[in-house]
Amino acid sequence: MKKSIVFLFLMACILANANVRMPLLFSDGMVLQRNKTIPVWGWADANEKVEVHFNKQTKTITTDATGKWMVSLNAEKAGGPFELTITGKNKIVIKDVLVGEVWICSGQSNMEFQVNKTMNSQTEISDSNYPMIRHFGVAQDLSGTPKDDLKAGKWEVSSKETVGNFTAIGFYFAKKLYAELKIPIGIINTSWGGTCVETWTSREAFEKSDEFKDMIAGVPSVDMDAIFETYKKSLLDNIKKIQGFEVTMDNENHFKELNFNDANWPEIKVPSLWENQQIGNIDGVVWMRKTIVLSAEQAKKEAVLYLSKVDDEDVTYVNGVLVGTNNIWETKRVYKIPVDVLKEGTNVIAVRIADYTGGGGIYGDPADLKIDFKDSNLPLDGLWKFNVVQVKIAVSPNSYPSLLYNAMVNPLIPYAFEGVLWYQGEANVWRANQYKKAFPLMITDWRIKWNQGNFPFYFVQLSTFDEFGGNSKKGSRWAELREAQTETLKVPNTGMAVTTDIGNAKDIHPKNKQDVAKRLASIALNDVYGKKQVCSGPMYKAMEIKGKQISLSFASIGSGLSTTDKTENLKGFEVAGADKVFYPAKAIIIDNKVIVSSEIVTNPVAVHYGWADDDTEINLFNKENFPASPFRTDNWEMITANEKYNVSK
């Protein structure tokens, strides 16, 4: 009996090892790229014969010494559904396979942003039964070395039940393409909120880059356990350095009290996410305190505390008394302060914030941060005291370069597709100038790795967001990042959707993803699918100084320059003289050129347009209603000029 059990166990092990195995991408409901050679690959025993059958094609291959195999199916026309059959010592049948157009969607949170969060989401979901549109969601994962397969992921058919969790930009893009092409559309969504471009780029790319080779030389190729230990030490050491004391929850019960002495706590700007300030990209628990002084009259009044938004969960006290708590990160906090809680003189607002993932802290519109006394209010924006008491020790995608490339891009190679849609850049605004090299490096890296030529790579320029209040006077990191994105258009077969008019200065995640997707689709339909049309807005080309005026000419003007302002008054233009001080300028359209001038600047030498974090008001378009990209005509040094990517040891 025992011998039989041992024999059966050994046979089970042998059969398990012998089974042909496919990448997760190759599963029921998948979409294959039309009109291109179709790579199909997987694993089996070393030197095992594998046969692949699809439509009228049959390919045979013998695995290599490691058990890996790959065949290339001949190009197929759009159609389906088909079955893809892989036979070795076992047989795999992949059903409901379509052939059409496949696009990869990647980037950070605005690409990750789901259909169910967009404007008019219920209307969109009700119009989502498109069996020819399929979505593959790549599970978020990290790896210190390139992986062969994904952690998880599956193909889903677009329907009312599934579409809510699809990438919104990807779905609306696919919907537009399907309406025009009437063929299957596949979207592969590999995205992760809050991530920098460097984590999406391979180690080999950095090693070959003059800009990054010294950086990558100091980063060892290690497994995630080693990365975790290094990251843990680095994170805790950094927080201790910032706040001057250990990360500990000792005595935190006293932090809500009015008389607690927080004199040694450091300060941070509110409202603004921690990730944009000295605390950095952490998840955990942070106490924040704000001391205010009230008059006797104010202390007697009914009062309501407005805390804007808190990411993720807050427990809020006033003078040690609990006034409210909430765990929905997008919800504005409005808490009534009980009678007799406020005192004449010194008062303290103490907030215990727990951040579980992504951004953290008090954020939103400064106008929503106040104590309201009905007939008056006391603003609460500005500097608050803080104390990090607990840190969730988990490696961030931004902790080391290449972590997301290794886990969420490399396993997709060499899957055939048409092009890439990319929405990212917010996490790189601090190094906007270096993004001029980092972003093209990543694009080139992906193209080399896939070896499918210079496939289309279309990206979204950052929309308006008033994160730092940046402008021409103070400098604007967001404007500099937009400039870096514009310069990336020098890379062959790229395209950019300008979104200055459809953003939200108070929300880094604008809900209008429909128009963003339509603009990306316009580029694809024009450049890839032969639907010739205007697909972008005016791009600055050249300037000519004419006495007190500067004449600006543009490319991509379509049927002519235009403006949304009924008085034809262009907004967002500024001019400067040799002193490099910019002043608001009068700007008008004459013969499809913009003439800019200012009474203050008698000898203008440079122009800025939309040079601000918040560029909501700018209004230069072409007549096809595509907005002009922000720009500057000077090459003066910017505030991010010397900021470089580095890995904390």
Original post:
Which heavy atom of Trp274 sits nearest a heavy atom of Asp355, and at what distance?
Top reply: CZ3-CB, 3.5 Å

Original post:
In this structure, are over 12 heavy atoms from other groups packed under 6.0 Å from Lys532 atom NZ?
Top reply: yes

**OP:** Check the pair Met496, Met539 against side chain to side chain contact (heavy atoms under 4.5 Å, CB included), reporting the backbone distance first and the verdict last.
**Re:** CA-CA 11 Å; Met496 181 176 74; Met539 301 290 293; 4.3 Å; yes

Original post:
Is there a donor-acceptor contact under 3.5 Å linking the side chains of Asn116 and Ser121?
Top reply: no

**OP:** Side-chain contact test, heavy atoms from C-beta onward, threshold under 4.5 Å: evaluate it for Ser522 versus Gln533 and give yes or no.
**Re:** yes

Original post:
side chain to side chain contact (heavy atoms under 4.5 Å, CB included) with Lys370: which of Asn377, Val304, Leu305?
Top reply: Asn377

**OP:** State yes or no: are the ring centers of Trp611 and Phe582 separated by less than 6.0 Å?
**Re:** no

Subject >> Pairing residues for Asp515 by the salt bridge (Lys or Arg N to Asp or Glu O under 4.0 Å) criterion, not counting sequence neighbours >> reply: none

Subject >> Qualifying salt bridge (charged side-chain N to carboxylate O under 4.0 Å, His left out) pairs with a residue from residues 518-527, counting only residues at least two apart or across chains >> reply: Asp501-Arg519

Original post:
Would Thr486 and Gln461 count as having a side-chain donor-acceptor pair, cut-off 3.5 Å?
Top reply: yes

Original post:
Rounded to the nearest 0.5 Å, how far does CG of Asn410 lie from CG of Leu150?
Top reply: 10.0 Å

Original post:
Any side-chain donor paired with an acceptor under 3.5 Å for Asn110 and Lys513?
Top reply: yes

Original post:
For Gln434 and Asn428, does a side-chain donor sit closer than 3.5 Å to a side-chain acceptor?
Top reply: no

Original post:
Got a sec, which residues hit side-chain contact (heavy atoms from CB on, under 4.5 Å) with Ile589, two or more places apart in sequence or on another chain?
Top reply: Leu561, Leu570, Val594, Leu620

**OP:** Measure the OG1-OH distance between Thr500 and Tyr609 for me, rounded to the nearest 0.5 Å.
**Re:** 6.0 Å

**OP:** Give, for atom NZ of Lys473 and atom CG of Asn471, the distance between the pair rounded to the nearest 0.5 Å.
**Re:** 7.5 Å

**OP:** Mind checking salt bridge (Lys or Arg N to Asp or Glu O under 4.0 Å) for Glu101 and listing every partner two or more places apart, or none if nothing turns up?
**Re:** Arg34

**OP:** Sequence neighbours left out, what passes side-chain contact (heavy atoms from CB on, under 4.5 Å) with Asp381? Give chain and number order.
**Re:** Pro271, Pro366, Leu369, Pro379

Original post:
Any idea which heavy atoms bring Asn622 and Gly537 closest together, and the distance?
Top reply: ND2-CA, 3.6 Å

Subject >> Approximate separation, where rounding is to 0.5 Å, of His135 NE2 and Ile188 CD1 >> reply: 10.0 Å

Original post:
So, Glu156 and Asn165: side-chain donor and acceptor under 3.5 Å apart, yes or no?
Top reply: no

**OP:** Using the salt bridge (Lys or Arg N to Asp or Glu O under 4.0 Å) rule, pick out the option among Asp368, Asp311, Asp314 that qualifies with Arg333.
**Re:** Asp314

Name every donor-acceptor pair, under 3.5 Å, that has one atom in a side chain of residues 167-178 and the other anywhere in the protein, sequence neighbours excluded.
| unit_1 | atom_1 | unit_2 | atom_2 | d |
| --- | --- | --- | --- | --- |
| Thr167 | OG1 | Met111 | O | 2.7 |
| Thr167 | OG1 | Gly170 | N | 3.3 |
| Tyr172 | OH | Thr118 | OG1 | 2.8 |
| Lys175 | NZ | Glu124 | OE1 | 3.3 |
| Lys175 | NZ | Asp127 | O | 3.3 |
| Lys175 | NZ | Asp127 | OD2 | 3.0 |

**OP:** Indicate whether any N or O donor in one side chain lies under 3.5 Å from an N or O acceptor in the other, for Tyr529 and Glu418.
**Re:** no

Original post:
Once you round to the nearest 0.5 Å, how far does OG1 of Thr633 lie from CE of Met543?
Top reply: 4.0 Å

**OP:** Quick one: list whatever passes side-chain contact (heavy atoms from CB on, under 4.5 Å) with Lys586, sequence neighbours left out.
**Re:** Ile588, Ser597

Original post:
Got a salt bridge between Asp615 and Arg482, using NZ or NE/NH1/NH2 to carboxylate O under 4.0 Å?
Top reply: yes

Subject >> Results of side-chain hydrogen bond (donor to acceptor under 3.5 Å, both in side chains) for Lys449 - residues two or more places apart only >> reply: Glu204

Subject >> Donor on one side chain, acceptor on other, Glu112 and Gln140, under 3.5 Å >> reply: yes

**OP:** Using the test salt bridge (Lys or Arg N to Asp or Glu O under 4.0 Å), find all partners of Asp312 that sit at least two apart in sequence or belong to another chain.
**Re:** none

Original post:
Can you name the nearest heavy-atom pair linking Ala585 to Val575, along with the distance?
Top reply: CB-CG1, 3.9 Å

Subject >> All side-chain hydrogen bond (donor to acceptor under 3.5 Å, both in side chains) counterparts of Glu480, not counting sequence neighbours >> reply: Thr640

Original post:
Above 12 or not: heavy atoms from other molecules or residues under 6.0 Å from NZ of Lys506?
Top reply: no

**OP:** For residues Phe113 and Tyr423, establish whether the separation of their ring centroids is below 6.0 Å.
**Re:** no

Original post:
With sequence neighbours left out, what residues match Thr499 under side-chain hydrogen bond (donor to acceptor under 3.5 Å, both in side chains)?
Top reply: none

Subject >> Qualifying residue for ring pair (Phe, Tyr, Trp, His ring centres under 6.0 Å) with Phe136, from Trp155, Trp103, Phe417 >> reply: Trp155

Subject >> Plane angle bin for Phe457 and Trp422 - parallel if under 30°, tilted between 30 and 60°, otherwise perpendicular >> reply: tilted

**OP:** Considering only NZ, NE, NH1 and NH2 on the basic side and carboxylate oxygens on the acidic side, decide whether Glu617 and Lys571 come within less than 4.0 Å.
**Re:** no

Subject >> Point-to-point distance, once rounded to the nearest 0.5 Å, from NZ of Lys151 to CG of Asp141 >> reply: 5.0 Å

Original post:
Does any pair with a residue in residues 185-197 pass salt bridge (charged side-chain N to carboxylate O under 4.0 Å, His left out), and if so which ones, sequence neighbours excluded?
Top reply: none

